[in-house]
Amino acid sequence: EGNCVAVREAQMLGKPVIITGYPTAESQLRNGIDGIIVPLENRACGEKISEILREPKRLEKLVQECRKKAGNQQNRVYLQRIEMRIRIITCHDVYNAGASLQAYALMQYLKDCGHEVKIIDYKPDYLSRYYSLKAVNNPEYDRAGIREIYLLVKMPGRIKKLFSKRKYRFDAFRKNALELTDATYRTCEELKNIEEADLYLAGSDQIWNPIFPNGKDPAFFLQFTEKGRRASYAASFAVDALKEEDRQRMKEWLKSFDAVSVREQKGATLVKQMGLQSQRNCDPVFLLKQCQWKKILPETETNKKYVLLYDFDKNCVAEEIAEKISKKAKTEIWSVFKTEICDKVCADIGPLEFVNLILNAEAVVSNSFHATAFALIFHKEFFVIERKERINTRMNDLLKVFGVEDRKMDHVKKLQTAKKINWQRIEFILQKERKEAEEYLAKITGEKKNETATYINDAKLKFKGKRQNKRHSRGIKQ
C-alpha cells in the first residue's frame, strides 16, 4: 500500500516494522532507525526477520524509536481511539430482523471507527422464549393441569419451527455478523461479573419500552456496572407517555448515565420530564450507507417485480393499498406474513433476506419501523400503516424527521394525496442525521482517558473530569 495504516499502528504500539521497498516506503519510516526496508522478495523478508530476532539490542533500539512516534499529539489521539473497548447491550437475538440489523449497524459503525466492540450476549428468560418448547405465552394457560395440555398441543408446531429455514438464517446472522461476548448472561446480577470496558452503551431500538419486560429491566439501563463511561445511543421508549412509577424508576437509573441519546423526539420529551437532558439521534441502521448494506447481502436471482407487504396486524387498509399499487404497477404482491392477496409468502426470511426484499421491491407497504427505514435508505416508494399496539410514536417521529408524514395511511383514498418523494431532500436529511450521530458517538468515545461526557444546557456534549477510567494497552487485530 502507498500509506499502510498498519505500519503507523504498529509503531505507535512500540512494534518494530519490516516493510518491503515500495516507492513510498521511506515516507513511513527511517530505514534502520524506527523500521527496516527490505527488497520485495520472500527470502529477503524472512532473512531480515530472523536477523533482527537474533539481535536483541538492535531490536530494543528500534522499539524505543517507535515509542517516540507514539508520543506526538496526533498519534496519541489516534491510539486512544483505537484502544477504546466498548460493550453494547441491546435486544440482539430476539428473531426480529430490525432488532438484529440495528445491533449489527451500531457495532459495525464503531468498529469502523477503530474501536474494539462486542455486543453483550444478554439473554434473560423473557427474551429467550421465541423457539422454546416449554414457553407458555398466554398467562390464561399457565396453570397446573392446563399448562401441560397447552404444551402438548403446541409441541408439534414448535418442533417444526426449531428446524425452520427462518431460525437457521437468524442463527447464522448472529454467529457470522455479530461479535458477542464470550459469556452469556441471564440476569442483571450475572452481568456484574462482566469484563471491564471503557464504554458501556445501551441501545438502540425499543430497549426502554415500558410495555415490555426489557423496559423494566435494570440491565438495559446499565445498572450492572459503575466502571467506565455509561451512555445510550438512540434508545427508544416507543410510547408517548410513562406511568409515574416507570418515570421515577427510569429517572433514578438514567441519572447514572454520562450521556443519554434517544431515537425519537417524544423520547427526548420524556427524558426532559424526568429533569434530565438528552439528544435525539437516528436509528443505527442509518449510520451505514447504501453501499455498506449492499456489500453484506447475499446474491438473489429474481426477475419478478413485486410490492412488498409487511403487515404485523393483518390490516385491511394495508392489503387494499398493496393491491391498488400492485395493479397500477402490474406487479406481484409478496408478503412476509400469509395473506389471501399475496402471490408469494416470504415467511422464512432472516435479517439479510429482509433487507434484500426491500432493496428489490418496487414499493413497500408496512407498519414496520425498520422496513420504512430501509425503504428510505434504498430510495423505495413506501406507505406506512399504523399499528394496533401503542407503539406508533417511533414511526410518527421517523416520518416527521424526513418530512414524509403524508406517507402514513389510514384509508386507501389517501394514496391520492401522497406527494412524490423528493429523494434528494431525503438524502440531505439523512446526511445531516448521520453527521449529528457521528458527532455524538465521537464525543462519548472521546480521546481523554480521565474524562467523561455530560450534557450542558444547549444539549451539546462537553467533557469534564468526573472519575478515573482504568485503561489497558491492547494489541490490534489486523
### Task
Begin from the C-alpha positions of Lys400 and Lys408 and carry the test side-chain contact (heavy atoms from CB on, under 4.5 Å) through to its verdict.
CA-CA 10 Å; Lys400 186 175 181 180; Lys408 190 168 81 170; over 6 Å; no

### Message
Let's go through Val404 and Phe382 carefully: what are the C-alpha distance in whole Å and the side-chain angles of both, what is the deciding distance for side-chain contact (heavy atoms from CB on, under 4.5 Å) to 0.1 Å, and is it a yes or a no?
### Response
CA-CA 10 Å; Val404 286; Phe382 69 92; 3.8 Å; yes

### Query
Passes side-chain contact (heavy atoms from CB on, under 4.5 Å), Arg407 versus Ile421? Steps please.
CA-CA 9 Å; Arg407 291 279 146 172; Ile421 299 175; 3.6 Å; yes

### Task
Under the salt bridge (charged side-chain N to carboxylate O under 4.0 Å, His left out) rule, what do Glu427 and Lys289 come out as? Steps first, then yes or no, please.
CA-CA 11 Å; Glu427 200 58 35; Lys289 299 176 183 177; over 6 Å; no

### Task
Evaluate the criterion side-chain contact (heavy atoms from CB on, under 4.5 Å) for residue pair Leu441 and Cys113; output intermediate values, then yes/no.
CA-CA 10 Å; Leu441 290 168; Cys113 290; over 6 Å; no

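One finds no salt bridge joining Arg394 and Glu264 here, because no Lys/Arg side-chain nitrogen approaches an Asp/Glu carboxylate oxygen to under 4.0 Å. By the 4.0 Å N-to-carboxylate-O rule, Glu252 lies close enough to Lys255 to be salt-bridged with it. Ion pair Asp171/Lys175 not flagged as a salt bridge, since none of the NZ, NE, NH1 or NH2 atoms sits closer than 4.0 Å to an Asp/Glu carboxylate oxygen. The existence of a salt bridge linking Glu116 and Arg87 is confirmed by a sub-4.0 Å separation between a basic side-chain nitrogen and an acidic carboxylate oxygen.
A donor-acceptor distance shorter than 3.5 angstrom exists from the side chain of Asp258 to the backbone of Arg230, with no hydrogens or angles considered. With hydrogens and angles ignored, the 3.5 Å screen pairs a side-chain donor or acceptor of Arg85 with a backbone N or O of Glu196. One N or O on the side chain of Gln223 and one on the backbone of Phe221 form a donor-acceptor pair closer than 3.5 Å. Asn209 places a side-chain N or O within 3.5 Å of a backbone atom of Ile211 that can act as its donor or acceptor partner. With Ser232 contributing its side chain and Ser261 its backbone, the two residues share a donor-acceptor pair below 3.5 Å. With hydrogens and angles disregarded, a donor-acceptor distance shorter than 3.5 Å links the side chain of Asn176 to the backbone of Ala172. Not a single donor-acceptor pair under 3.5 Å links the side chain of Asn356 to the backbone N or O of Leu297. With hydrogens and angles ignored, the 3.5 Å screen pairs a side-chain donor or acceptor of Ser236 with a backbone N or O of Ala238. The main-chain N or O of Gln265 is found under 3.5 Å from a side-chain atom of Thr269 such that the two form a donor-acceptor pair. Under a 3.5 Å cut-off, the side chain of Asp93 and the backbone N or O of Lys123 do not form any donor-acceptor pair.
Across all non-hydrogen atoms, the minimal contact from Ala105 to Pro284 is CB-O, 3.3 Å. Heavy-atom minimum distance, Asn214 versus Cys91: CG-SG, 4.3 Å. Across Gly203 and Thr90, no two heavy atoms sit closer than the pair O-CB, 3.4 Å. Residues Ala371 and Ser366 approach most closely at CB-OG, 3.6 Å, considering heavy atoms. In this structure, His411 and Val317 approach most closely via the heavy-atom pair N-CG1, 3.8 Å. Scanning all heavy atoms of the two residues, the minimum distance from Ile444 to Met84 falls at O-CE, 4.5 Å.
When side chains are defined from C-beta on, Leu201 counts as touching Leu110, because their heavy atoms get closer than 4.5 Å. Side-chain atoms of Ile89 and Leu191, non-hydrogen and from C-beta on, do get closer than 4.5 Å to each other. Looking only at side-chain heavy atoms (C-beta outward), Leu430 and Leu376 stay at 4.5 Å or farther from each other. In this structure, Gln292 and Ile296 have side chains that are not in contact, with every pair of non-hydrogen atoms separated by 4.5 Å or more. Looking at Val239 and Pro210, their side chains come closer than 4.5 Å, going by heavy atoms from C-beta outward. Within the 4.5 Å cutoff, the side chain of Ser100 has no heavy atoms near those of the Phe354 side chain. Between Ile333 and Cys342 the shortest side-chain heavy-atom distance falls below 4.5 Å. Taking 4.5 Å as the limit, every side-chain heavy atom of Ile86 sits out of range of all side-chain heavy atoms of Asp198.
A donor and an acceptor atom, one from each side chain of Thr181 and Glu195, are nowhere located under 3.5 Å apart. There is a side-chain donor-acceptor pair under 3.5 Å between Asp283 and His370. Between the side chains of Gln248 and Glu244, at least one donor N or O lies within less than 3.5 Å of an accepting N or O.
Atom CE of Met395 is separated from atom OG1 of Thr372 by 3.5 Å, given to the nearest 0.5 angstrom. Between the CZ atom of Arg247 and the CG atom of Leu270 there is a distance of 7.5 Å, given to the nearest 0.5 Å. Separating the CH2 atom in Trp208 from the CG atom in Leu242 is a distance of 11.0 Å, to the nearest 0.5 Å. Atom CG of Leu288 is separated from atom NZ of Lys294 by 14.0 Å, given to the nearest 0.5 angstrom. Put simply, CD on Glu436 and NZ on Lys432 are 4.0 Å apart, with the number rounded to the nearest 0.5 Å. In this structure, CG in Leu101 is found 12.5 Å from CD in Gln108, a value given to the nearest 0.5 Å.
The aromatic ring centroids of Phe170 and Tyr168 lie 6.0 Å or more from each other. Here Phe402 and Phe286 bring their ring centres to under 6.0 angstrom of each other.
Between Trp423 and His379, the ring planes are parallel. Angles under 30° get that label, and only those over 60° would be called perpendicular. Relative orientation of the Phe374 and Trp293 rings is perpendicular, given thresholds of 30° and 60° on the angle between their planes. Between Trp334 and Tyr306, the two ring planes are parallel [angle under 30°; tilted spans 30° to 60°].
A 6.0 Å sphere centred on CZ of Phe428 holds no more than 12 heavy atoms belonging to other residues, nucleotides or ligands. The environment of Lys380 atom NZ is dense: over 12 non-hydrogen atoms of other residues, nucleotides or ligands sit within 6.0 angstrom. Heavy-atom neighbours of Lys15 NZ from other residues, nucleotides or ligands within 6.0 Å: at or below the threshold of 12.
Note that Arg263 lies in the cation-pi zone of Phe369, set by a 6.0 Å cut-off to the ring centre and a 45° limit from the axis.
Between Glu179 and the choices Lys118, Arg174, Lys111, the salt bridge (charged side-chain N to carboxylate O under 4.0 Å, His left out) rule is met once, by Lys111. With respect to Tyr122, the ring pair (Phe, Tyr, Trp, His ring centres under 6.0 Å) criterion is satisfied by exactly one of Tyr200, Tyr185, Phe224, Phe220: Phe220. With Glu353 as the fixed residue, the salt bridge (charged side-chain N to carboxylate O under 4.0 Å, His left out) test singles out one of Lys165, Arg166, Arg169: Arg169.
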